[in-house]
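Okay, structure first, notes after.
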Amino acid sequence: MLKKGSKLNSILTGTCPKCQNESMYQDKNPLHLRNVLKMNEDCSHCGLHYQIEPSFFYGAMYVSYGLNVAIGIASFIISNVILNATIKTSFIAIITTLTLLGPFVLRWSRNIYINMFISYDKNAILKK
């Protein structure tokens with residue numbers, strides 16, 4: 001499931017979608033909020049330029065919206081339906097969940113978006 005070469009591996013680990021040998025981010029920890037979106041310009045292993053075109057990652061906002069809606073619905077179902085919480089408590093659970101997962105969703109949305117356009121290439125090597 002998380003084998004090298006799978007899109008899920010690249011999405012969850014934040015590695016280069018082409019070679020999956022290096023993190024796309026300068027700081028691997030998404031909880032360092034100042035550096036959560038700071039990315040390397042290129043992969044040092046295969047040379048993939050992450051910013052495919054100017055403002056490429058603006059499209060990741062749509063992915064982020066979808067992820068946040070899915071997480072919000074899941075949070076509501078868990079708190080209201082499964083745990084029988086009140087509506088007010090359920091909405092507090094949604095806000096808390098989305099706030100805590102915010103840095104992860106930012107990265108996951110970028111990872112998903114770039115993986116929609118770039119596929120794994122097991123023969124990817126740096127060509128100088």
Side-chain angles (χ1 to χ4, degrees):
M1 186 164 133
L2 285 180
K3 293 180 183 175
K4 186 174 180 176
S6 72
K7 291 209 179 273
L8 190 59
N9 178 42
S10 178
I11 290 168
L12 294 178
T13 60
T15 54
C16 172
K18 189 171 184 180
C19 69
Q20 295 184 5
N21 286 320
E22 175 183 278
S23 176
M24 292 190 295
Y25 301 95
Q26 292 175 0
D27 187 352
K28 290 183 181 183
N29 188 349
L31 297 177
H32 295 152
L33 299 180
R34 290 182 188 225
N35 301 325
V36 72
L37 294 179
K38 290 186 180 175
M39 297 181 72
N40 297 318
E41 298 237 354
D42 303 308
C43 176
S44 64
H45 185 263
C46 69
L48 175 68
H49 187 66
Y50 297 128
Q51 186 99 2
I52 296 170
E53 60 185 34
S55 304
F56 173 71
F57 286 108
Y58 281 147
M61 289 187 301
Y62 298 103
V63 177
S64 177
Y65 175 77
L67 285 174
N68 280 311
V69 168
I71 291 169
I73 290 171
S75 177
F76 179 79
I77 290 172
I78 290 169
S79 64
N80 190 273
V81 176
I82 296 174
L83 300 177
N84 294 323
T86 65
I87 295 291
K88 183 178 179 181
T89 306
S90 296
F91 281 110
I92 291 171
I94 292 169
I95 292 168
T96 304
T97 304
L98 291 177
T99 302
L100 292 176
L101 291 179
F104 296 98
V105 170
L106 284 171
R107 286 210 175 167
W108 291 336
S109 62
R110 281 189 171 203
N111 298 347
I112 290 168
Y113 193 69
I114 196 167
N115 272 280
M116 290 167 63
F117 298 98
I118 308 290
S119 294
Y120 177 72
D121 180 9
K122 65 181 177 181
N123 299 319
I125 57 171
L126 184 61
K127 299 173 184 169
K128 293 184 180 182

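By convention here, the first residue in the shown sequence is residue 1. Below, each value reflects all heavy atoms present in this structure, side chains not excepted, and no hydrogens, waters or symmetry copies. Just so it is clear, the model here is predicted, and its values are computed rather than measured.
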State whether the side chain of [X] and the backbone N or O of [Y] hold a donor-acceptor pair below 3.5 Å, judged by distance alone.
X	Y	answer
Arg107	Lys28	yes
Lys7	Asn115	yes
His49	Gln51	yes
Ser109	Val105	yes
Ser64	Ala60	no
Gln20	Asn9	no

Flag yes if [X] and [Y] sit in one hydrophobic cluster, no otherwise; membership is Ile, Leu, Val, Met, Phe, Trp, Tyr, and two members link when side-chain heavy atoms are under 4.5 Å apart.
X	Y	answer
Ile77	Val69	yes
Met39	Leu31	yes
Val81	Ile73	yes
Tyr113	Leu8	yes
Val63	Ile71	yes

### Task
May I ask you to decide if the ring planes of Phe117 and Phe56 are parallel, tilted or perpendicular, using 30° and 60° as cut-offs?
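Perpendicular: the ring planes of Phe117 and Phe56 meet at over 60°.
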
Return the [atom1] to [atom2] distance between [X] and [Y], rounded to the nearest 0.5 Å.
X	Y	atom1	atom2	result
Asn40	Leu48	CG	CG	11.5 Å
Ile114	Arg110	CD1	CZ	9.5 Å
Asn123	Cys46	CG	SG	12.0 Å
Tyr50	Tyr25	OH	OH	9.5 Å
Glu22	Asp42	CD	CG	9.5 Å
Asn68	Ile94	CG	CD1	11.5 Å

### Task
Write down the atom of His45, the atom of Asn21, and the distance for their closest heavy-atom approach.
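The pair with the smallest heavy-atom distance is CE1-ND2, 2.9 Å.
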
## Note on the structure
Of all heavy-atom pairs linking Asn111 and Ile11, the shortest is ND2-O, 2.7 Å

Are side-chain heavy atoms of [X] and [Y] found at a separation under 4.5 Å?
X	Y	value
Met24	Pro17	yes
Ile118	Ile52	yes
Phe104	Val36	no
Ile87	Asn80	yes
Ile112	Leu67	yes
Trp108	Leu12	yes
Lys4	Tyr120	yes

### Task
Check side-chain hydrogen bond (donor to acceptor under 3.5 Å, both in side chains) between Gln26 and all other residues, then give those that pass, not counting sequence neighbours.
none

